[in-house]
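Inspection log for the structure reproduced underneath, given as structure tokens.
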Amino acid sequence: MQPDGVLPTGTMSIPDKLDVGCIDCDIHPAVPSLSSLLPYMDEHWRRQVAERGLELQDFSSSSFPPNIPALCRSDWRRSGGLPGSQPEELIRNGVVPFGTRAAILNPLYGVQAIADEGMAVAFARALNAWIAEEWLPYDRRLYGSIVVTPQDPGGAVEEIERWAPNERFVQVLMIASTELALGQKFYWPIYEAATKHGLPIALHAGSNYKQAPSSLGWQSFFLAEYVDHTSIFQSQILSIITHGICSKFPQLKFVCSESGFLWLPSFMWRALKSWRGMRFETPWVDRSPADIIRDCFRFTLQPIDAPLESATFGRALEQLRSEEMILFSTDYPHHHFDGSSALPGGISNELVNKICVENPLKTYPRLRRLQQ
Amino acid sequence: MNKRIERPTLQGAAKIKQRRVDCDIHPAVRSYSDLYPYLSQRWKLHLEDYGVRFRVPFVGASRFPQANPAISRRDAWPPEGGPPGSSLSFMQKQYLDPCGIDYGILFVLSPDGMMERNLEFGTALCSAVNQWQYNEWTQKDRRLKGSLLVNGEDVEGAIAEIEMWAGKTDFVQISMTCRGVEPLGRKRYWPIYEAAVRHGLPLGLHLSGDSGSPGGAGWPSFYQESHHRFSFVHRELLTSFVFEGAFERFPKLKVVLVEGGFAWISAWCWRADRQWLRMRDEVPHLKRPPSEYVKQAVYITTQPMDEPERPNDLRDVMSWFGWDRFLFASDYPHWDWDDPKQAFKCSLSDWERRMIYSANAEELYRFEFGNG
């Protein structure tokens, strides 16, 4: 994949001598089709699906069209099914080669974006049930994310309450793109429920396509839309900070998944400058946004989006001024690196240990309990 | 990626007067009636009765109520009346003379004809603003150079405007709003870029306008949020220009990004390069990594100055992108302006200072200092 002379993003496997058993915070099981979820829908929705012919439709998210080569490594592609659609296969390709002791499943099936909120809630519930019944019992290393529909906060809260008793669900999952910015009061019930159960909220790259993915409008290319995703994450972080979510819910952590993170230093500098100049507008924000980001936000490792030169990468990483923010992820089955080299080269064993184990354990209280 | 060019520092350079080019100064109309002499009777009546119609909720207020009266320095109101930026003599006295500005590049932000929804009226407004700039500013103070406003949504009208003024040294670049009906890299705008290249005029893209689209994360609520998010537009413009192939098609096109900060640009380059490596089969019209196109085409102004928590981190980001690409800008008379005497909190060598404050702009805009 890489031209000659270009340093690949991932160059380093987990060092043998560390034997850490890493925690993969972003790994993707695929829903084979809506039919797989039918057994987990009630009579009303099963009839709706049957009579409307919905099982013939493909609700895979347009943010992750499964045939794009970069969205599945060729050695992970399988014939006759979507990559990651069988637990056995995901374990064999996405867990074992990395010595993973715990992997958090983030299903990206697009049902949350259905316009009918009731249907979106029902399908998301079926998706969670499918994970609970067919994936979590399959292997103790697998952990779940409660997929919620932020456009119906009440439905989202019900969903959190429904699955919170199952300790193997360790976070709440939403798509980063929402109709309203995430700091707004509309969403606070979701934050309250997540906080109550010690669940971080993962914001995964992706759009609901209810508005153009960029403030300029619709990009022509998938590649361009993917590059611009940074703006969605940054906008949500600003909204969450300016609305004071991090002091209202001090225990709550947001995990930005498949977001990249090298954009953070310049973003934090500007957020700090804006707050210094205009904090009169939001007096409830009582400390530096850069400190709030370091405390309340976490970022999964892949894609690293590293500069082509490794020396520059070291300087850029150091500008984060925190070793606590990055959480190991392979982003299986998306193709960011070859072999089992998911870590960037040139980082210390101590930082490897933080990224792979310590930071995830500090971020996910439930995982920490279950890992003891 | 960007090798720093080492040049010897002149002994005693401090004694030589530092030339200063300011690449962002805002003249303002006292009221729209200043433009009446330059509008036909039909458009004058239209302006009086219907006013301008942008994609915004209020006839005379921002969607995001601002931080300061007229978003300006509180001491920049001319003693003879009128809003900040409306008096040439006061601008000379308060800023151009005491700060030793050799050349100043004007951006008229209001009215922005390209944001006007009535296409013909938008073109007429641009034309009126350009005549006003010429009569009231560039002809009266030869240090001042105009940015030629064009209505990019009316390509024919825009090109007629360029052809009319291209022979005058009063205008040194073409100005379009950053948020058009479509992202500006798309082909509908290419005839304008062809004309720009033909006349050797850079394209100055000052943050402005309101596209009516919030992007993928809903609308911001606060001014500080909108102020920061505004700068994402420049990053998304790079995505658009690069991936649509505009820089490949027009290798001589120069784009100047104004008032969006600059520290973010390297992280964009790294991400764009990495994702291009993953998915370049989608954009076979690109022959080189995105960062190389940006390096070929893009200049970036320094205001609002990025302020890292450790001031010298700024030196890293500037050397990553290249000292030959930064242009000093003050944003006078706006409240968040940068004083040329104290804009940088990090250390700069004499050579770096000369590049940023004058040499880069002299080369780009072909200013001459023949008489010393």
Side-chain angles (χ1 to χ4, degrees), chain A residues 1-2 6 9 68-70 177-181 183-184 207 211-217 219-224 226-228 230-232 234-236 238-239 242-243 260 262-263 265-267 269-275 277-278 281-282 290 303 305-309 312 315 319 321 335, chain B residues 1 67 178-184 186 211 213-225 227-229 231-233 235-237 239-240 243-244 261 263-264 266-283 289 304 306-310 313 316-317 320 336:
Chain A
M1 186 178 81
Q2 309 284 357
V6 170
T9 293
I68 290 181
S177 166
T178 50
E179 286 161 271
L180 303 175
Q184 296 196 25
S207 177
Q211 57 229 354
S214 121
S215 62
L216 299 182
Q219 304 93 338
S220 305
F221 306 103
F222 178 84
L223 166 56
Y226 192 91
V227 168
D228 280 346
T230 311
S231 299
I232 296 179
Q234 293 185 349
S235 300
Q236 298 290 28
L238 287 178
S239 177
T242 51
H243 284 84
L262 289 182
W263 45 262
S266 58
F267 173 70
W269 302 339
R270 178 67 190 267
L272 172 55
K273 176 167 173 149
S274 299
W275 173 73
M278 294 170 264
E281 190 186 24
T282 54
D305 289 332
L308 302 182
E309 293 165 346
T312 310
R315 288 292 296 153
Q319 287 184 347
R321 303 185 68 202
H335 189 183
Chain B
M1 185 162 48
C178 288
R179 296 202 279 189
V181 169
E182 291 180 25
L184 292 189
R186 283 168 69 93
S211 65
S213 161
W219 291 98
S221 302
F222 301 107
Y223 179 67
Q224 62 183 287
E225 236 184 314
H227 192 268
H228 187 166
R229 278 177 61 168
S231 65
F232 304 168
V233 166
R235 194 172 51 210
E236 294 168 351
L237 278 174
T239 303
S240 182
F243 290 110
E244 298 288 345
W264 53 269
S266 292
W268 181 90
C269 288
W270 303 333
R271 179 171 171 89
D273 281 355
R274 284 290 170 192
Q275 298 308 325
W276 172 75
L277 285 171
R278 279 176 84 203
M279 296 183 260
R280 62 190 147 157
D281 55 337
E282 192 194 15
V283 287
D306 285 292
E307 296 177 24
E309 293 159 297
R310 300 177 302 193
D313 281 350
D316 283 340
V317 303
W320 290 336
D336 50 345

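Protein chains get the first letters and strands the later ones, always in sequence-line order, with residue 1 at the start of each. Keep in mind that the numbers below use all heavy atoms, side chains included, and drop hydrogens, waters and symmetry copies.
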Under 4.5 Å from any heavy atom of chain A - which part of [X]:
{"X": "Pro220(B)", "result": "neither"}
{"X": "Trp264(B)", "result": "both"}
{"X": "Pro289(B)", "result": "neither"}
{"X": "Glu182(B)", "result": "backbone"}
{"X": "Asp336(B)", "result": "neither"}
{"X": "Val233(B)", "result": "both"}
{"X": "Leu184(B)", "result": "neither"}

Looking only at non-hydrogen atoms, find the nearest pair between Ala271(A) and Leu238(A) and report the distance.
CB-CD2, 4.1 Å

All heavy atoms of Met279(B) vs all of Ala70(A), minimum pair found to be CG-CB, 3.5 Å

Proximity breakdown for [X] and chain B, heavy-atom pairs closer than 4.5 Å:
{"X": "Leu262(A)", "answer": "both"}
{"X": "Ser220(A)", "answer": "both"}
{"X": "Pro69(A)", "answer": "side chain"}
{"X": "Glu179(A)", "answer": "backbone"}

Pick whichever of [options] has the most heavy-atom pairs under 4.5 Å with chain A.
{"options": "Ala263(B), Ala267(B), Gly218(B), Gly215(B)", "value": "Gly215(B)"}
{"options": "His227(B), Glu309(B), Gln275(B), Glu236(B)", "value": "Glu236(B)"}
{"options": "Trp219(B), Trp268(B), Tyr223(B)", "value": "Tyr223(B)"}
{"options": "Ser221(B), Gly261(B), Gly180(B), Cys178(B)", "value": "Ser221(B)"}
{"options": "Ser231(B), Pro304(B), Ser240(B)", "value": "Pro304(B)"}

So which residue, [options], ends up with the most heavy-atom pairs under 4.5 Å with chain B?
{"options": "Leu272(A), Ile232(A), Ile68(A)", "answer": "Ile232(A)"}
{"options": "Arg315(A), Gln184(A), Arg270(A)", "answer": "Arg270(A)"}
{"options": "Gly277(A), Ala212(A), Gly217(A)", "answer": "Ala212(A)"}
{"options": "Ser177(A), Ser231(A), Gly260(A)", "answer": "Ser231(A)"}

Would you check if the side chain of Arg271(B) reaches a backbone N or O of Asp305(A) as a donor-acceptor pair within less than 3.5 Å?
no

With sequence neighbours left out, write down each residue that passes ring pair (Phe, Tyr, Trp, His ring centres under 6.0 Å) with His243(A), or none if nothing qualifies.
Phe222(B)

A side-chain contact here means heavy atoms from C-beta on lying under 4.5 Å apart; do [X] and [Y] qualify?
{"X": "Leu277(B)", "Y": "Leu308(A)", "result": "yes"}
{"X": "Pro214(B)", "Y": "Gln211(A)", "result": "yes"}
{"X": "Val317(B)", "Y": "Gln319(A)", "result": "yes"}
{"X": "Phe232(B)", "Y": "Ser235(A)", "result": "yes"}
{"X": "Thr178(A)", "Y": "Gln236(A)", "result": "yes"}
{"X": "Phe267(A)", "Y": "Thr230(A)", "result": "no"}

Which residues satisfy the salt bridge (charged side-chain N to carboxylate O under 4.0 Å, His left out) test with Arg235(B), sequence neighbours excluded?
none

Between Gln224(B) and Thr242(A), is there a side-chain donor-acceptor contact under 3.5 Å, judged purely by atom types and distance?
no

